[in-house]
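Read through the structure below, which is laid out as structure tokens, and then see the notes.
These numbers were taken from a predicted model, which means no experiment stands behind them.
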Amino acid sequence: MAQLTDSLPDSSLARLFAREIAAGRAVWFSLPGGSPLYEAGEEADFFYLVRAGRLGVFRREEGLEPQFLGVIRPGEPAGEMALIAGAPHSATVSALRDSEILALGRDDFFRAVETDPRVMTELARLMILRTRQSSAGVVGEPSVFAFIGLGEQVSVRPLAAEIAACIGRLGYRATVVGAEAQRAPTEWFSNVERDHDFVLYVAEADEPSWTALVSRQGDRLFRVAEGSATPPPPSALDLEEPLQRQQLVDLILVHPAETTAPRGSEAWLEALKPARLFHMRRRFAPDAERLARVLTGQSVGLVLSGGGARAYAHVGAIRALHEQGVPIDFVGGVSMGAIIAAGLAMGWDDAEMDRRIRHAFVESSPLDDIAFPMIAMTHGEKVRERLAENFDDRDIADLMLPFFCVSANLTTGAYFLHRRGSVREALRATISLPGVLPPVTIGKNVLVDGAVVKNFPSDIMRSIQLGPIVGVDVSRGRSIEADDIRPPASLWRWLISGDWRRGPPIVSVLMRSATVWSGAEVAATREATDVLILPEVDAIEIRNWKAFDPAVEAGYRAASEVLEGLSRPVIDLRRRLSLEETAAALAARTPPTLSAPAAAPVLGA
């Protein structure tokens, strides 16, 4: 049975298991794809070594979607930290594909390492490496991806080749493998995956046997389809495959180069239920570059907080990001921050963003359709009109950038994550400040402003993508004071001056009350960012919709200072070492260092 370790790289761990297998103490077993090796919270009774296949590491936090942390490859251990610490497992580990596992009981493991201290030395190095990787948000980065075509209208290989070329320009060695490798031995696949930083397996729609093999080979799977085509029925797809169950199957819809506003994407989400949706235009380099960043863990997610009129600062921060050449690949936000994030996802450039926000919020108040306060102080019709004017009838699925926003669900007492459905309905929900705007109902759920439960959703962004996160938070500045809540000295003067359009002082009280979070909550959400921007907006009253220019300038200034203070580009903050860089570091006898994120720069903290 010692031959079970022959295919593994030579290491102290492989030699340990060879001895223990020969002595009959270690066991071998097969783990079908999608099956858990262990769950978070379980006791660590065994030490595991992956012989073949790949395992995925997942963190499941209450209220959040499962977060994929990375992969464990052949020759690597699993469960070692909990076993040595004598603590329960902190994450769930499941098979991404059919895998083979070697296992050694706790007592036998500790007895064995007493006779071979090199094992503990090797494990100590590995645990230090994984701790650094964990601080960077990933345990072992996915590097093998499967691209599978749906329908004869789309050709997958040219698109994958374009993405691979972009990966190469990022400093990595990537290759595209098609059906020509269908009859290659297992060792050939292992060698290709070992010799390249990234492997992209591609299967066209008319290659069913190769498709079946490819779908079991990747760490993550991308289905590729023509955006204008009709989705296949769910019965034509295997929606119970291991990667699908682990939410590791994404969808790429392909469009002509001139497309700026896809339509009908919601039907694809309903049919395929992908974890994420990406739009890719043919011969449009920025889209291929974006997907290359997604695959290499260098995609940039932008998170924008709520904060009433202070959220105008996001407009300036975005302008600074553009000027510094920072790409924006995922966007999310809450309340007013969600509206600006949705504008980015719509494809608005800086000039259009400025023009639309000014017109919608500055040139006339969105909150002056005062109502008898049975449910709220305003009818909310002016807000609906502005949302319809700027976002038409677009679905979130049809936005060019992956987008999400958050509202508070009064029915369940939790947050409600909007990643599908109507853009304007989602935005109307996330800005529905209790008492100021009427709530929104979706099904039986009563939804209000997301700032009530989660005003800075960087943790949600972290669960969606592995790359760096830039966060702009305008919710923690000094807010209302006694003067801000005094009734106007003269009601008539208040009406004649037009100040009534901002709403009475109670609006400030309600808006600020919705965004008061504990220090621990703020620290936890800010910790998920790699670049934290805190504009100085203390002087801007939260309901002063005319304060556009000073707020934009505050956001621009804060973002510029933070970006200029970075030691490397934003996309490199979580960059992994290439195989060539790792080999060079080893040849120089210096330990390779991970590009773990530096402490998030903070302005005005």
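- Looking at Met280 and Glu162, their side chains come closer than 4.5 Å, going by heavy atoms from C-beta outward.
- Counting only heavy atoms from C-beta outward, the side chains of Asp549 and Arg358 approach each other to under 4.5 Å.
- Taking the centre and axis of the six-membered ring of Tyr172, the NZ or CZ atom of Arg575 falls inside the cone set by 45° and 6.0 Å.
- Tyr38 contributes no side-chain N or O that, together with a main-chain N or O of Val93, makes up a donor-acceptor pair within less than 3.5 Å.
- The CZ atom of Arg576 sits 8.5 Å away from atom CG of Leu466, with the distance rounded to the nearest 0.5 Å.
- Ring pair His314/Tyr312: centre-to-centre distance not below 6.0 Å.
- Residues Ala408 and Val452 approach most closely at CB-CB, 3.9 Å, considering heavy atoms.
- Interatomic distance, Phe361 CZ to Met336 CE, rounded to the nearest 0.5 Å: 4.0 Å.
- Checking Ser432 against Asp449 by side-chain atom types alone, no donor-acceptor pair falls below 3.5 Å.
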| request: Walk me through it: do Arg419 and Ile464 pass the test side chain to side chain contact (heavy atoms under 4.5 Å, CB included)? | output: CA-CA 11 Å; Arg419 295 185 67 186; Ile464 294 172; 4.0 Å; yes
| query | Does the pair Ile339 and Ile357 meet the rule for a side chain to side chain contact (heavy atoms under 4.5 Å, CB included), with working shown? | reply | CA-CA 9 Å; Ile339 290 179; Ile357 298 298; 4.3 Å; yes
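- Taking all atoms of both residues into account, the shortest heavy-atom contact from Pro274 to Leu269 is CG-CD2, 3.5 Å.
- At distances below 3.5 Å, not a single donor-acceptor pair connects side-chain atoms of Asn409 with backbone N or O atoms of Ala414.
- A donor-acceptor pair under 3.5 Å is formed between the side chain of Arg386 and the backbone N or O of Ala360.
- Atom CZ of Arg293 is separated from atom CD1 of Ile167 by 11.5 Å, given to the nearest 0.5 angstrom.
- Remark: Met81 CE to Ser90 OG distance equals 8.0 Å, nearest 0.5 Å.
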| request: Could you go through the salt bridge (Lys or Arg N to Asp or Glu O under 4.0 Å) check for Arg220 and Asp250 one step at a time? | output: CA-CA 8 Å; Arg220 193 161 193 133; Asp250 299 320; 2.8 Å; yes
| request: Given salt bridge (Lys or Arg N to Asp or Glu O under 4.0 Å), test Asp197 with Arg173 step by step and report yes or no. | output: CA-CA 5 Å; Asp197 294 295; Arg173 188 185 307 162; 5.3 Å; no
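- Between the side chains of Gln298 and Thr296, at least one donor N or O lies within less than 3.5 Å of an accepting N or O.
- Looking at Arg394 and Met346, their side chains come closer than 4.5 Å, going by heavy atoms from C-beta outward.
- Counting heavy atoms from C-beta on, the side chains of Lys273 and Gln244 come closer than 4.5 Å.
- With salt bridges taken as basic N to acidic carboxylate O contacts below 4.0 Å, none links Arg462 and Asp459.
- Annotation for Ala309 and Glu541: closest pair CB-O, 3.9 Å, computed over non-hydrogen atoms.
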| request: Output, in order, the C-alpha distance, side-chain angles, deciding distance and verdict of side chain to side chain contact (heavy atoms under 4.5 Å, CB included) for Ile328 and Leu321. | output: CA-CA 8 Å; Ile328 299 172; Leu321 289 168; 4.2 Å; yes
| message | Apply side chain to side chain contact (heavy atoms under 4.5 Å, CB included) to residues Leu433 and Val448 and explain how you reach the verdict. | response | CA-CA 6 Å; Leu433 190 72; Val448 297; over 6 Å; no
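- One distance of note links CD1 of Ile252 with CH2 of Trp268; it measures 12.5 Å at 0.5 Å rounding.
- Remark: Glu580 CD is loosely packed, at most 12 non-hydrogen atoms of other residues, nucleotides or ligands lying under 6.0 Å away.
- Side chains of Phe278 and Asp287 form no contact here, defined as non-hydrogen atoms less than 4.5 Å apart.
- With rounding to the nearest 0.5 angstrom, the CZ atom of Arg356 is 8.0 Å from the CZ atom of Phe391.
- Asn445 places no side-chain N or O within 3.5 Å of a backbone atom of Thr411 that could act as its donor or acceptor partner.
- Relative orientation of the Phe222 and Phe147 rings is parallel, given thresholds of 30° and 60° on the angle between their planes.
- Proximity of Leu221 to Phe145: side-chain heavy atoms (C-beta onward) are nowhere separated by under 4.5 Å.
- Within the 4.5 Å cutoff, side-chain heavy atoms of Arg223 are placed close to those of Leu272.
- Within a 6.0 Å radius of NE2 in His322, other residues, nucleotides and ligands contribute more than 12 heavy atoms.
- When side chains are defined from C-beta on, Asp350 does not count as touching Met353, because their heavy atoms never get closer than 4.5 Å.
- Looking at Glu76, its side chain does come within 3.5 Å of a backbone N or O of Arg73 through a donor-acceptor pair.
- Summarising the geometry of Phe68 relative to Gly56, their closest heavy-atom pair is CE1-CA, 4.1 Å, with the distance given to 0.1 Å.
- Of the possible polar contacts, one joining the Thr430 side chain to the Ser335 backbone as a donor-acceptor pair under 3.5 Å is found.
- Residues Pro77 and Leu123 approach most closely at CG-CD2, 4.1 Å, considering heavy atoms.
- At least one donor-acceptor pair closer than 3.5 Å links the side chain of Ser578 to the backbone N or O of Glu581.
- His279 places a side-chain N or O within donor-acceptor distance of the main-chain N or O of Ala397, the cut-off being under 3.5 Å.
- Arg310 contributes a side-chain N or O that, together with a main-chain N or O of Ile540, makes up a donor-acceptor pair within less than 3.5 Å.
- With Tyr556 as the aromatic partner, Arg319 meets the cation-pi criteria of under 6.0 angstrom to the ring centre and within 45 degrees of the ring axis.
- Closest heavy-atom contact between Lys454 and Ile460: CD-CD1, 3.6 Å.
- In this structure, Asp530 contributes its side chain and Ile469 its backbone to a donor-acceptor pair below 3.5 Å.
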| said: Show, in sequence, the C-alpha distance, side-chain angles and deciding distance for His418 and Phe416, and conclude whether the ring pair (Phe, Tyr, Trp, His ring centres under 6.0 Å) test is met. | reply: CA-CA 6 Å; His418 301 266; Phe416 190 99; 4.8 Å; yes
